[in-house]
Number of protein chains: 2
Amino acid sequence: MTIGQKIRELREKTGMLQRELAYELKVGDAYLSKIESNQKNLKKEHLTTISKLFKYSYSELETLWLANKVYDLIKDEKKAIEVLKVAEQEIKYRKTL
Amino acid sequence: MTIGQKIRELREKTGMLQRELAYELKVGDAYLSKIESNQKNLKKEHLTTISKLFKYSYSELETLWLANKVYDLIKDEKKAIEVLKVAEQEIKYRKTL
DNA sequence: TACATTTGACCAAATTAAGTCAAGTCAAAT
DNA sequence: ATTTGACTTGACTTAATTTGGTCAAATGTA
């Protein structure tokens with residue numbers, strides 16, 4: 001599940017049009033279309049609006065949003081999974097400091 | 001192990017000074033100091049030079065370099081580990097498409 | 001002292017973010 | 001068969017941020 005998919009899911013479940021949600025977010029509908037297909041990242045602030053609008057956990061949206069950023073960084077790498085493991089170890093290690 | 005630590009390790013093992021390695025990389029020694037302490041990221045191209053200079057696996061350097069970028073992105077997040085899990089699932093999922 | 005390294009403040013250039021607009025697609029209704 | 005409405009796409013723009021550094025001063029350290 002990506003942040004884009006989640007937003008689309010929330011929107012469609014309430015029968016809202018892209019145009020309508022875009023209006024709430026104060027962006028154009030073309031931009032929202034790209035957000036839902038993960039071609040663009042939305043601002044973190046928009047997560048707040050979405051969270052309130054659909055009464056959906058902000059924290060979960062934030063996790064998906066961050067995961068999407070990580071994904072963007074390594075999606076084209078063959079070693080993507082290994083990279084994540086190394087990053088994970090680093091996080092765990094530095095937590096203990 | 002971070003990319004900065006690895007570079008320092010390689011440099012020190014050969015008794016090289018920051019100034020000397022910096023010269024090879026055509027950067028200032030202050031900048032190299034920051035690279036070794038992960039305050040700055042080096043260019044991917046520099047990995048090639050380092051790999052050749054110390055005869056150390058390019059692929060491993062690249063993994064550390066990428067992991068460092070991922071780390072930078074989520075280091076301040078409480079949910080860092082969870083974010084990595086979500087990103088990992090996304091990578092695995094999209095690979096099967 | 002002198003050499004190696006680190007740090008903070010700063011900078012220009014390159015990149016990314018955050019969009020827009022117009023044209024195009026696609027399905028359903030007319 | 002054409003219109004309509006929802007959505008998508010590509011090309012573009014502008015502003016903000018990041019990258020990739022530098023220099024001078026401070027801090028170890030032998």
Side-chain angles (χ1 to χ4, degrees), chain A residues 2-51 53-54 61-62 64-77 87 97, chain B residues 2-51 53-54 61-62 64-77 87 97:
Chain A
T2 66
I3 182 65
Q5 279 166 10
K6 176 54 74 181
I7 292 170
R8 172 161 294 170
E9 181 185 294
L10 291 169
R11 178 178 63 80
E12 290 184 336
K13 204 146 56 177
T14 60
M16 205 179 231
L17 298 178
Q18 279 187 352
R19 176 165 32 82
E20 296 169 327
L21 178 52
Y23 175 80
E24 296 290 336
L25 298 174
K26 298 177 180 58
V27 301
D29 51 344
Y31 186 49
L32 180 59
S33 169
K34 283 168 194 171
I35 285 169
E36 290 189 351
S37 52
N38 298 304
Q39 292 172 62
K40 297 275 181 174
N41 290 350
L42 31 45
K43 283 205 275 201
K44 218 175 180 188
E45 298 88 274
H46 282 149
L47 295 182
T48 313
T49 309
I50 290 167
S51 169
L53 199 55
F54 298 114
L61 290 176
E62 194 187 24
L64 291 174
W65 184 81
L66 281 165
N68 193 61
K69 291 201 159 239
V70 170
Y71 177 80
D72 278 347
L73 207 54
I74 56 172
K75 60 184 167 205
D76 299 323
E77 302 293 333
L97 295 183
Chain B
T2 67
I3 181 66
Q5 280 166 10
K6 175 55 76 181
I7 290 170
R8 172 161 294 170
E9 181 186 295
L10 291 168
R11 178 178 63 79
E12 289 183 337
K13 205 148 55 178
T14 60
M16 205 179 229
L17 297 176
Q18 280 187 353
R19 175 166 34 83
E20 296 169 325
L21 178 51
Y23 175 79
E24 296 289 335
L25 297 174
K26 299 176 180 59
V27 301
D29 51 344
Y31 184 49
L32 180 58
S33 169
K34 284 169 194 170
I35 284 168
E36 290 188 353
S37 53
N38 297 304
Q39 293 173 62
K40 297 275 182 174
N41 290 349
L42 30 46
K43 280 206 277 203
K44 218 175 180 186
E45 297 88 274
H46 284 149
L47 296 181
T48 314
T49 309
I50 290 167
S51 169
L53 199 55
F54 299 113
L61 291 176
E62 194 187 24
L64 291 174
W65 184 82
L66 282 165
N68 194 61
K69 291 200 159 238
V70 170
Y71 177 80
D72 279 347
L73 206 55
I74 56 174
K75 61 185 168 206
D76 300 323
E77 303 293 334
L97 296 184

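Each chain gets a letter, A, B and so on, in the order its sequence line appears, and its residues count up from 1. Since this is a predicted model, take the numbers as computed values, not measurements.
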Gap between atoms CD and C1', on A:Gln39 and C:dT16 respectively (whole Å): 16 Å
B:Leu21 CG to C:dT6 P, straight-line distance once rounded to whole Å: 12 Å
Euclidean distance, atom CG of residue A:Leu73 to atom P of C:dT15 [Å, nearest integer]: 16 Å
Distance below 4.0 Å between B:Ser33 side-chain N/O and C:dT6 OP1 or OP2: yes
Intermediate values then yes/no, side-chain contact (heavy atoms from CB on, under 4.5 Å), B:Ile50 and B:Leu25: CA-CA 8 Å; B:Ile50 290 167; B:Leu25 297 174; 4.0 Å; yes
Minimum side-chain heavy-atom gap B:Ile3-B:Asn38 below 4.5 Å: yes
Of B:Leu21, B:Ile7, B:Leu61, the residue whose pairing with B:Phe54 passes side-chain contact (heavy atoms from CB on, under 4.5 Å): B:Leu21
Donor-acceptor under 3.5 Å (A:Gln5 side chain, A:Thr2 main chain): yes
Within-4.5 Å side-chain heavy-atom neighbours: B:Leu10 and B:Leu53: no
Between C:dT5 (C1') and B:Ile35 (CD1): distance, integer Å: 14 Å
Pairs touching residues 27-39 of chain A that satisfy salt bridge (charged side-chain N to carboxylate O under 4.0 Å, His left out), sequence neighbours left out: A:Arg8-A:Glu36, A:Arg11-A:Glu36
Give every pair of a protein N or O atom and an N or O atom of nucleotides 2-4 of chain C that lie under 3.5 Å apart, one pair per line with the distance.
| unit_1 | atom_1 | unit_2 | atom_2 | d |
| --- | --- | --- | --- | --- |
| C:dA4 | OP1 | B:Arg19 | NH2 | 3.0 |
| C:dA4 | OP2 | B:Arg19 | NH2 | 2.3 |

Rounded distance in Å - CE (B:Met16) to P (C:dT5): 12 Å
Length of the CG-P vector between A:Leu47 and C:dA18, whole Å: 11 Å
Per-nucleotide protein contact string for nucleotides 15-30 of chain D (B base, S sugar-phosphate only, - none; heavy atom under 4.0 Å): -----BBBBB------
Any donor-acceptor pair under 3.5 Å from A:Glu20 side chain to A:Leu17 backbone: yes
Exam field: side chain B:Trp65 to backbone B:Leu42, donor-acceptor pair closer than 3.5 Å: yes
Atom pair NZ/OG1 of A:Lys43 and A:Thr49 - distance to nearest 0.5 Å: 10.0 Å
Atom-pair distance (CG on A:Leu32; P on C:dA18), nearest Å: 15 Å
Under 3.5 Å on both distances, the Watson-Crick or G-U partner of D:dA11: C:dT20
